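Below: the structure, in structure tokens.
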Amino acid sequence: MPTITEQLADLRARSLHRSLREIVSTEGNQIEWAGRKLLNFSSNDYLGLAREPALALAAHAAIEKYGVGAGASRLVCGTLSPHITLEKTLAAFKRTEAALTFASGHAAALGAVQALVGRHDVIIIDKLAHACLIDAARLSGAVVRVFPHNHLGKLESHLEWAAEHHPDARLLVITESIYSMDGDAAPLVEIVALKEKYRALLLVDEAHAVGVLGKHGRGLADQLGVASKIDLQMGTMSKALGVSGGYIAGRRVLIEWLVNRARSFIFSTAVPPMLAAAATAAVDFLSSGEGEERRKRLWTNIRYLEKKLREIDARFPVAQSAILPWMVGDEEAALLLARSLAEEGFLVPAIRTPTVARGAARLRITVNANHTTQEMDALTEVLARLCPAEVEAG
Ligand SMILES: Cc1ncc(COP(=O)(O)O)c(C=O)c1O
């Protein structure tokens with residue numbers, strides 16, 4: 001058996017090694033890393049809320065009142081008023097009966113899926129679903145069937161199979177709404193029709209859609225008019241909401257079940273009340289006039305950057321979200337490209353296996369409401385210079 005040192009060397013040899021980079025300061029989209037200032041095109045803080053004064057003020061007020069830690073798990077004595085206010089705010093925002101928050105989106109996925117299905121049940125999940133959803137499916141012990149990304153025919157054939165071979169099982173379909181590494185949208189209307197036809201439960205992870213799509217940024221399901229048909233609307237407060245923590249919004253009976261059975265909720269200390277207060281301020285911000293304005297600016301930037309990227313490569317697809325992946329393929333080539341961009345002053349990480357399939361490495365470019373046209377021009381000018389082949393292809 002190879003030693004861990006040998007395994008690390010093997011990762012390096014295959015351009016798959018990862019390491020942490022220490023960012024010593026952040027100011028808007030400027031970050032300072034390794035003694036250099038870089039323009040950040042990799043954050044999920046799509047609306048710039050992580051530095052929004054209203055959120056910081058809410059957090060400060062909660063610190064004054066409750067201190068910095070919750071002191072215990074939610075069911076012991078860690079449920080403080082900011083947690084309840086946040087859950088009510090989230091439920092109202094998502095227009096569901098109730099909501100439950102977790103320490104992270106990852107914990108929300110693990111807790112909810114494991115609480116709902118077990119070894120006598122069946123999960124049908126999109127191949128490109130986020131690692132936390134895949135982990136949740138595996139850990140639940142349920143029979144897991146994977147369908148190719150957004151492939152409705154295969155989803156239906158799995159549902160048919162489950163109905164025939166596991167007639168007494170609970171069926172749970174799992175999908176994202178906006179895919180985190182591809183930035184594309186799931187066909188939620190059709191998925192909802194299938195889940196109804198086969199009487200399955202549906203969990204939709206709106207991590208990258210909330211704040212970006214739908215009225216007040218409620219997400220893709222809202223935009224498509226199917227939100228009320230989704231049993232578990234999952235999300236995270238770590239992306240466009242600018243804070244951290246995950247949630248599940250849905251029917252009261254489901255939320256009550258999660259309070260009783262979701263292990264990552266029950267056996268974990270409640271998130272600091274200051275984070276709950278900041279997240280409530282973030283949700284409130286989304287519905288405000290300023291929130292509308294910020295989302296409008298984000299979409300102006302998305303359309304601008306995709307146009308610039310299409311000038312480099314005419315095949316660049318129409319953007320469906322703030323995630324604009326620049327496909328490279330080879331892991332080493334993606335890493336070299338990311339390094340060259342960093343040398344030129346841009347932080348755009350190379351995404352490699354196992355986050356994406358082998359040979360599908362890419363630069364994951366994200367754009368936010370605070371990027372300026374000059375910044376987007378500068379990025380695309382450098383990218384065009386570093387990718388001459390794509391220029392010819394275009
Ligand atoms: C689609 C998706 N779901 C869930 C998560 C996990 O959320 P969190 O970062 O809050 O754990 C992420 C982000 O990492 C994500 O991209």
Side-chain angles (χ1 to χ4, degrees), residues 18 20 42-47 49-50 55 83 86-87 90 94 99-114 123 125-140 146 149-150 172-186 188 191 202-214 217 219-221 230 232-249 262-265 268-272 275-276 278-280 282-283 320-325 349 351-352 354-357 362 364-368:
R18 298 161 187 230
L20 299 172
S42 67
S43 168
N44 300 315
D45 181 18
Y46 303 123
L47 301 170
L49 292 192
L55 275 62
H83 298 111
L86 172 59
E87 286 164 352
L90 279 168
K94 295 297 265 178
L100 190 68
T101 56
F102 294 71
S104 67
H106 201 122
L110 294 189
V113 173
Q114 286 182 279
I123 288 177
I125 183 167
D126 188 289
K127 187 166 174 35
L128 296 191
H130 189 263
C132 67
L133 299 166
I134 293 169
D135 292 351
R138 285 194 188 134
L139 290 169
S140 72
V146 178
H149 182 47
N150 281 347
L172 175 63
V173 175
I174 300 181
T175 171
E176 289 176 32
S177 66
I178 292 295
Y179 277 80
S180 61
M181 295 299 138
D182 292 75
D184 62 338
L188 287 185
I191 291 175
L202 174 62
L203 182 154
V204 176
D205 179 358
E206 294 250 46
H208 296 277
V210 163
V212 177
L213 294 162
L220 180 65
I230 295 169
L232 298 126
Q233 298 190 50
M234 178 184 144
T236 167
M237 290 161 288
S238 64
K239 319 278 183 209
L241 289 171
V243 191
S244 77
Y247 65 85
I248 301 283
R263 295 171 64 82
S264 63
F265 173 83
S268 186
T269 296
V271 298
L275 292 185
T280 301
V283 180
Q320 293 174 291
S321 68
I323 303 160
L324 290 84
I351 306 293
R352 295 157 286 160
T355 308
V356 293
R362 65 201 65 180
R364 182 177 181 270
I365 304 172
T366 56
V367 64
N368 67 51

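Values in this document were obtained by computation on a predicted structure and should not be read as measured data. Indexing begins at 1, ligand by ligand and atom by atom, following the structure's order.
Proximity of the aromatic rings of Y179 and H149 is defined here by a centroid distance below 6.0 angstrom, and this criterion is met.
In this structure, NZ in K239 is found 4.5 Å from CG in N44, a value given to the nearest 0.5 Å.
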Any chance you could lay out the side-chain hydrogen bond (donor to acceptor under 3.5 Å, both in side chains) test for E206 and S177, step after step, and finish with the verdict?
-> CA-CA 5 Å; E206 294 250 46; S177 66; 2.5 Å; yes

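Taking the salt bridge (charged side-chain N to carboxylate O under 4.0 Å, His left out) definition, one finds that R362 meets it with D182, sequence neighbours left out.
No donor-acceptor pair closer than 3.5 Å links the side chain of T355 to the backbone N or O of I351. The main-chain N or O of H130 is found under 3.5 Å from a side-chain atom of E176 such that the two form a donor-acceptor pair.
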Tabulation required: pairs of a nitrogen or oxygen in ligand 1 and a protein nitrogen or oxygen under 3.5 Å; columns are atom names and distance to 0.1 Å; otherwise 'none'.
unit_1   : atom_1 : unit_2 : atom_2 : d
ligand 1 : 3 (N)  : D205   : OD2    : 2.5
ligand 1 : 9 (O)  : S238   : OG     : 3.4
ligand 1 : 10 (O) : G105   : N      : 2.8
ligand 1 : 10 (O) : T236   : OG1    : 2.7
ligand 1 : 10 (O) : S238   : OG     : 3.2
ligand 1 : 11 (O) : G105   : N      : 3.1
ligand 1 : 11 (O) : H106   : N      : 2.9
ligand 1 : 14 (O) : H130   : NE2    : 3.4
ligand 1 : 14 (O) : K239   : NZ     : 2.9
ligand 1 : 16 (O) : H208   : NE2    : 2.7

